[in-house]
Amino acid sequence: MVRTRFAPSPTGYLHIGGARTALYSWLYARKMKGIFILRIEDTDLERSTPESVQAILDGMAWLNLDYDEGPFYQTKRFDRYREVVAEMLAKGAAYRCYCSKERLEALREAQIANKEKPRYDGHCRHLTQASDGPFVVRFKNPEQGVVEFDDLIRGKLTFANTELDDLIIARSDGTPTYNFTVVVDDIDMEISHVVRGDDHINNTPRQINIFRALEKTPPHYAHLPMILGSDGKRLSKRHGAASVMQYREEGILPQALLNYLVRLGWSHGDQEIFSMEELIQLFDLHGVNRAPAALNPEKLLWLNQHYMKHGDVAFTMKELAWHMAQLNINTNDGPPLADIIAAQSERTKTLREMAERSRFFYEEIVLSDEMRAQISVEIIPAIQKVCEKLEKLSEWEKTKIHEILVAAAEEAGLKLGKLAQPIRIAVTGGTISPPLDLTIQLIGRERVIKRLQKIFKQG
RNA sequence: GCUCCCUUCGUCUAGUGGUUAGGACAUCGCCCUCUCACGGCGGUAACGCGGAUUCGAAUUCCGCAGGGAGCGCCA
């Protein structure tokens, strides 16, 4: 039985890199008909916040990455960790270390000065008697031999135990630390495959040693390369949209983000577009690339437009409604959102842009002087003509509207474009809109007539 | 400094000893066109470097260079 987990620490928002890790982990579990678990690694009491927990939960929900078990919180498992620490102490797999932070600091400095790798020197490893005073608990790492594991993505990885030191598993206040809680949790939750960022590669041999000390078999590991910003540098605040929910605010559809993310490091021949069903079937950890990948925002936009055009309309409507609300556009009085999507999706890249450019369907327009100036006096009689015909049009429908426009242009001896653009400005307040006949249809007769009349009545 | 990881067009990638090195985004040109777009057609553009193995290397091996990660009482 395959059991995977996504184990973020709640010290910030759900990051795009974390989202991909979650996606890969989720896909693998779904593909193998296994279990996907969400675990919140909040043992760092200083930096973990409830807001971050909520942000992660929200992000997962928006991406529709559902979990079968959890969310589990490590802070609720402290008793269990204490129990295992005691067990390890009892069997001699761990020991109390009374070294002061000052001593450790001095040790580190000396090692760095000596061009050595800073690590604990095992000072308290062989103490025979317990002392008074504060202590931490350290894991007794093997001093010889190597740790080997077969990474699903990187292949065989080997580490010498001499490179590892005796890491702290319980702080002086008794709280457990990361490398230890991960192991205990992965054991208790019976995790079969650990999918995580490759910044954890160096932690893996330490964790495997703890597994062995507890006489458990380590899970399989798959270490994903990191995601870089579009400038090829490490992702940071300066790259803007690093949080998943920020992509939502920018008008990206979750399907587009997921599709984009999955192709960042994984591929199936030349295929670019994948449904979730296809991904569950086709995805494989073995096919994941080993090199870090840089973000390509334009490609995300391209995918986003694809999903706006061809994705699930009902879902897109919900997201669009959210954006409309964000922009304070009341969509009750105007065309159905489905019509907006049909009309705008091939000319906008994001839902936010779609919402922004659809305001004139729902609200009164303001014609700036600059726009007004683009409607020449010579054209006004033709506009009036169009207006009169529209008023009398029996069937308010774009092909009929189109006929009126074409006829009016012909009558006035104008190319359609010469008439259409001024009318577009008159009815939308701008130079950009869907095809004019459709635009007029969707704005509705009453509003169109009113807007056109405003042009020729004011002269 | 030490350990580990990585390296095909600008970007994401296909490629597993013999290909005109393919696709996608972006970009450029043309076509379509009532605006903006969509779409169609075409173009520019890559195997980091040096050895070795081989009849033959993007593909195997070894160096080098460059990039990244880790080396916490953070996760």
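Lettering follows sequence order; numbering is per chain, from 1.
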J.: With rounding to whole Å, what would you report as the distance between rA58(B) and rG67(B) at their P atoms?
T.: 26 Å

J.: Which base, if any, makes a Watson-Crick or G-U wobble pair with rG72(B), both distances under 3.5 Å?
T.: none

J.: Over all strands shown, is E41(A) touching base, sugar-phosphate only, or nothing at heavy-atom distances under 4.0 angstrom?
T.: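 E41(A): backbone/sugar contact only, no base atoms under 4.0 Å.
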
J.: The side chain of K309(A) is closest to which nucleotide in this list: rA14(B), rC38(B), rC36(B)?
T.: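 From the listed options, rC38(B) comes nearest.
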
J.: Nearest to the side chain of S9(A), heavy atoms from C-beta on, is which of rA75(B), rA14(B), rG1(B)?
T.: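 Ranking rA75(B), rA14(B), rG1(B) by closest atom to the S9(A) side chain puts rA75(B) first.
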
J.: Is there a donor on the side chain of Q111(A) or the base of rG1(B) sitting less than 3.5 Å from an acceptor on the other?
T.: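 Absent.
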
J.: Is K349(A) close enough to rC38(B) that one of its side-chain N or O atoms is under 4.0 Å from OP1 or OP2 there?
T.: yes

J.: With a 3.5 Å cut-off and sequence neighbours excluded, list the donor-acceptor pairs that the side chains of residues 104-118 of chain A form with protein atoms.
T.:
| unit_1 | atom_1 | unit_2 | atom_2 | d |
| --- | --- | --- | --- | --- |
| Q111(A) | OE1 | R119(A) | N | 3.1 |
| Q111(A) | NE2 | R119(A) | O | 2.9 |
| K117(A) | NZ | E163(A) | OE1 | 3.1 |

J.: What is the distance from CD of Q305(A) to C1' of rC38(B), rounded to the nearest Å?
T.: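 Rounded to whole Å, this separation is 7 Å.
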
J.: Taking rA14(B) as the reference, what is the distance to rC73(B) when you measure between their P atoms (whole Å, please)?
T.: 40 Å

J.: Using whole Å, what does the distance between atom C1' of nucleotide rG23(B) and atom CG of L303(A) come to?
T.: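 My rounded result for the distance is 14 Å.
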
J.: Just name whichever nucleotide pairs with rC47(B), Watson-Crick or G-U, keeping both distances under 3.5 Å, else none.
T.: none

J.: Set out, in order, the CA-CA distance, both residues' side-chain angles and the distance that settles side chain to side chain donor-acceptor pair (under 3.5 Å) for N161(A) and E143(A), then state yes or no.
T.: CA-CA 6 Å; N161(A) 273 322; E143(A) 292 174 298; over 6 Å; no

J.: Distance to the ring centre below 6.0 angstrom and angle to the axis at most 45 degrees; does that hold for R20(A) and Y24(A)?
T.: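 Yes, R20(A) and Y24(A) form such a contact.
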
J.: State, with a plain yes or no, whether a side-chain heavy atom of T439(A) is found less than 4.5 Å away from one of F360(A).
T.: yes

J.: So what does P292(A) hit on the nucleic acid, given a heavy-atom distance under 4.0 Å: a base, only sugar-phosphate, or nothing?
T.: sugar-phosphate

J.: Counting the atoms with a prime plus P, OP1 and OP2 as sugar-phosphate, which does L264(A) contact under 4.0 Å by heavy atoms, base, sugar-phosphate, or nothing?
T.: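 Contact class for L264(A): sugar-phosphate only.
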
J.: Can you give the donor-acceptor pairs under 3.5 Å from side chains of residues 131-139 of chain A to other protein atoms, not counting sequence neighbours?
T.:
| unit_1 | atom_1 | unit_2 | atom_2 | d |
| --- | --- | --- | --- | --- |
| R138(A) | NH1 | D166(A) | O | 2.7 |

J.: Quick one: which of H286(A), H223(A), H220(A) gives a ring-ring contact (aromatic ring centres under 6.0 Å, His included) with H193(A)?
T.: H220(A)

J.: Should the side chain of S172(A) and the base of rC73(B) be counted as holding a donor-acceptor pair, with the cut-off at 3.5 Å?
T.: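 Yes.
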
J.: Taking the C1' atom of each, how far is rU3(B) from rG43(B), in whole Å?
T.: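 Straight-line distance between the two C1' atoms is 48 Å.
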
J.: Should T11(A) be listed as having a side-chain N or O under 4.0 Å from OP1 or OP2 of rA75(B)?
T.: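 Answer is no, no contact under 4.0 Å.
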
J.: Is the side chain of R445(A) donor-acceptor paired with the backbone N or O of L390(A) at a distance under 3.5 Å, no angle test?
T.: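 Flag set: sc R445(A) to bb L390(A) pair under 3.5 Å.
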
J.: Taking the C1' atom in each of rU16(B) and rC61(B), what is the distance between them to the nearest angstrom?
T.: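 rU16(B) and rC61(B) have their C1' atoms separated by 15 Å.
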
J.: Provide the Watson-Crick or G-U wobble partner of rG18(B), both distances under 3.5 Å; none if there is no partner.
T.: rC55(B)

J.: List the atom of N304(A), the atom of L253(A), and the distance in Å for their closest heavy-atom pair.
T.: OD1-N, 2.7 Å

J.: In whole angstroms, how far is the P atom of rC12(B) from the CD atom of E272(A)?
T.: 13 Å

J.: Does a donor on one side chain sit under 3.5 Å from an acceptor on the other, for E397(A) and T399(A)?
T.: yes

J.: Expressed as a whole number of angstroms, how long is the span from N304(A):CG to rC38(B):P?
T.: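 Distance check: N304(A) CG to rC38(B) P gives 13 Å.
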
J.: We want to know whether S345(A) and Q305(A) form a side-chain donor-acceptor pair, criterion being a heavy-atom distance below 3.5 angstrom.
T.: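 Note: S345(A) and Q305(A) side chains miss the donor-acceptor criterion.
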
J.: Within the 4.0 Å heavy-atom criterion, would you say T43(A) contacts the bases, only the backbone, or no part of the nucleic acid?
T.: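 It contacts sugar-phosphate atoms only.
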
J.: Taking 4.0 Å as the cut-off, does a side-chain nitrogen or oxygen of R108(A) come that near to OP1 or OP2 on rG72(B)?
T.: yes

J.: With a 4.0 Å cut-off on heavy atoms, is T431(A) in touch with a base, just the backbone sugar-phosphate, or nothing at all?
T.: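 The answer is base, as T431(A) lies within the cut-off (heavy atoms under 4.0 Å) of a base atom.
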
J.: Check every strand shown and say whether P434(A) touches a base, only sugar-phosphate, or nothing at a heavy-atom separation below 4.0 Å.
T.: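 Base, at least one base atom sits under 4.0 Å.
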
J.: From the options rU13(B), rC36(B), rC73(B), select the nucleotide whose nearest atom is closest to the side chain of S267(A).
T.: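 Among rU13(B), rC36(B), rC73(B), the one nearest the side chain of S267(A) is rU13(B).
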
J.: Tabulate atom names and distances for all N/O pairs under 3.5 angstrom spanning the protein and nucleotides 3-5 of chain B.
T.:
| unit_1 | atom_1 | unit_2 | atom_2 | d |
| --- | --- | --- | --- | --- |
| rU3(B) | O4' | E163(A) | OE1 | 3.4 |
| rC5(B) | O2' | R154(A) | NH1 | 2.5 |

J.: Please report, rounded to the nearest Å, how far the C1' atom of rC34(B) is from the NE2 atom of H402(A).
T.: 9 Å

J.: Can you check whether any acceptor in the base of rG22(B) is under 3.5 Å from a donor in the side chain of D270(A), or vice versa?
T.: yes

J.: So which one's nearest nucleotide on RNA chain B is more toward 5', P8(A) or Q421(A)?
T.: Q421(A)

J.: Identify the nucleotide, in any strand shown, that forms a Watson-Crick or G-U wobble pair with rC38(B), with both distances under 3.5 Å; if there is none, say none.
T.: none

J.: Show the numbers, then the answer: is there a side-chain contact (heavy atoms from CB on, under 4.5 Å) between F274(A) and R263(A)?
T.: CA-CA 9 Å; F274(A) 296 88; R263(A) 281 287 287 99; 3.6 Å; yes

J.: Between rU19(B) and rC36(B), how far is it from one P atom to the other, in whole Å?
T.: 46 Å

J.: Can you say whether a donor on the side chain of N203(A) sits under 3.5 Å from an acceptor on the base of rA75(B), or the other way round?
T.: yes

J.: Taking any heavy-atom pair under 4.0 Å as a contact, classify H200(A): base, sugar-phosphate, or nothing.
T.: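 Since a base atom lies under 4.0 Å of H200(A), the category is base.
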
J.: Which class fits the ring pair W266(A) and H268(A): parallel under 30°, tilted 30 to 60°, perpendicular over 60°?
T.: parallel

J.: Roughly how many Å is it from CH2 in W302(A) to C1' in rA24(B), rounded to a whole number?
T.: 6 Å

J.: N179(A) CG to rC73(B) C1': how many Å, rounded?
T.: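 Rounding to the nearest Å, CG of N179(A) and C1' of rC73(B) are 13 Å apart.
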
J.: Taking syn as a glycosidic torsion within 90° of 0 and anything else as anti, which one is rC38(B)?
T.: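 Glycosidic conformation of rC38(B): syn.
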
J.: Name the pairing partner of rA65(B), where a pair is Watson-Crick or G-U wobble with both distances under 3.5 Å, or state none.
T.: rU7(B)

J.: If you pin M226(A) and A291(A) to their nearest nucleotides in RNA chain B, which one's is more 5'?
T.: A291(A)

J.: Nearest to the side chain of N296(A), heavy atoms from C-beta on, is which of rA75(B), rU35(B), rU11(B)?
T.: rU11(B)

J.: At under 4.0 Å between heavy atoms, what does D437(A) touch on the DNA or RNA strands: base, sugar-phosphate, or nothing?
T.: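 Base contact.
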
J.: Round to the nearest Å and state the distance from D165(A) atom CG to rC2(B) atom P.
T.: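 Rounding to the nearest Å, CG of D165(A) and P of rC2(B) are 18 Å apart.
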
J.: Between R206(A) and rG70(B), is there a side-chain N or O to OP1/OP2 distance below 4.0 Å?
T.: no

J.: Just checking G265(A): base, sugar-phosphate only, or nothing, at a heavy-atom cut-off of under 4.0 Å?
T.: sugar-phosphate

J.: Using the P atom as the point on both nucleotides, what is the distance between rG15(B) and rC4(B), in whole Å?
T.: 28 Å

J.: Among the nucleotides rC34(B), rU13(B), rA24(B), which one has an atom lying closest to any side-chain atom of A293(A)?
T.: rU13(B)

